[in-house]
2 protein chains.
Amino acid sequence: MAIIAVDMDEVIADALGKIVNTYNLKFGEELSRHDLVGKLLQRVLPQEHFDAIHQFLNAEEFFADLEVMPGAQEVLERLSREHSLFIATAAMEVPSSFTAKYEWLREHFPFISPMNVVFCGDKSILNADYLIDDNAKHFGRFRGQGVLFDAPHNAMIQGYPRVHNWAEVQDYFAREAVCTK
Amino acid sequence: MAIIAVDMDEVIADALGKIVNTYNLKFGEELSRHDLVGKLLQRVLPQEHFDAIHQFLNAEEFFADLEVMPGAQEVLERLSREHSLFIATAAMEVPSSFTAKYEWLREHFPFISPMNVVFCGDKSILNADYLIDDNAKHFGRFRGQGVLFDAPHNAMIQGYPRVHNWAEVQDYFAREAVCTK
């Protein structure tokens, strides 16, 4: 049994999908995830557009209706039978999002105990064996193995096992189980 | 340099003080901390009184104006110069308290970075060397050393170093520094 910590935005919750959709609706653009490969949003959008989107991101309601990343529920439910799962999300950057994020988790991941939800900023505080995250900055001082969940903004990052979707997460832990036997 | 995680209620925030004061005001009683030594609140109060207080505890506003435990600011500020400090609080039992707790910390402990605030339920997820907590249930699977912060409800608990106030926390880490040199 391993302790697996799982990030929220861009890993189990499709925040970028909502940002792109909202941006296109608001500004009549046709931005796609592909346009963002290897780039940060603030480098791609005109400053005034980015400011508007950033404000929207900071609204408490933003988190309430995010789509679940495909396969996340099924794979995490399966992993939870053999491993100890924690959701670890960096809500500190948008403190008003605590309650909305918590309620979203209760709705979409009811099999994960509220006791296993962690809101934190610096993820080096996690005592876990694995951390599945789209942001490699958290892996530097993390005591376990970082697993990079593919997202446009991290396309150029190397040095960590990369998973592109939840089917690959399942395969990754199936392989780990064989190798650590 | 050690990583020190510090609980919030009854350790840096005087939640029990407010509960006792509010109870006495509301019901015209003269309950004191002393009446609670070795006992849980729900065993001491009549059920209907406990229900009323419990409802009050779950209100978001409860956390907004808690007193700081004497000496907590000074000692933590001093410890933060040599150690890595995290505040680790189990807000999951009262999810509506996230934002109020976060703002209370920003106001009273501005020298602790928001990145070092952790809201969690099961504290075994903390990768810290020490955990200062009034609730010994968190020490069982914690990877580091539990340090029990004295509170009426934990009077009977044995098996962990006990500190009665923040001056004793300071002494404890001064001794640890000598012993680990």
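Computed over heavy atoms, backbone and side chain alike; hydrogens, waters and symmetry mates excluded. Letters go in sequence order (proteins before strands), and every chain restarts at 1.
Residue contact with chain B, scored on non-hydrogen atoms closer than 4.5 Å, involves the backbone and the side chain of A/I125 alike. Both the backbone and the side chain of B/L126 come within less than 4.5 Å of a heavy atom of chain A.
Within a 6.0 Å sphere centred on CD of B/E67, other residues, nucleotides and ligands contribute 12 heavy atoms or fewer. Heavy-atom contacts from other residues, nucleotides or ligands closer than 6.0 Å to CZ of B/R106 number more than 12. Counting heavy atoms of neighbouring residues, nucleotides and ligands inside a 6.0 Å radius, atom CD of A/E48 exceeds 12 of them.
Comparing B/R143, B/M115, B/K123 by how many heavy-atom pairs each has under 4.5 Å with chain A, the most go to B/M115.
Distance CZ/B/F98 to CZ/A/F119: 4.5 Å, rounded to 0.5 Å.
Cluster membership for B/M8 and B/F62, using ILVMFWY side-chain heavy atoms within less than 4.5 angstrom, is shared. Taking hydrophobic clusters as Ile, Leu, Val, Met, Phe, Trp and Tyr residues chained together by side-chain heavy-atom distances below 4.5 Å, B/L66 shares a cluster with B/L105.
Under the 3.5 Å distance criterion, the side-chain polar atoms of A/N127 are matched with a main-chain donor or acceptor of B/S124.
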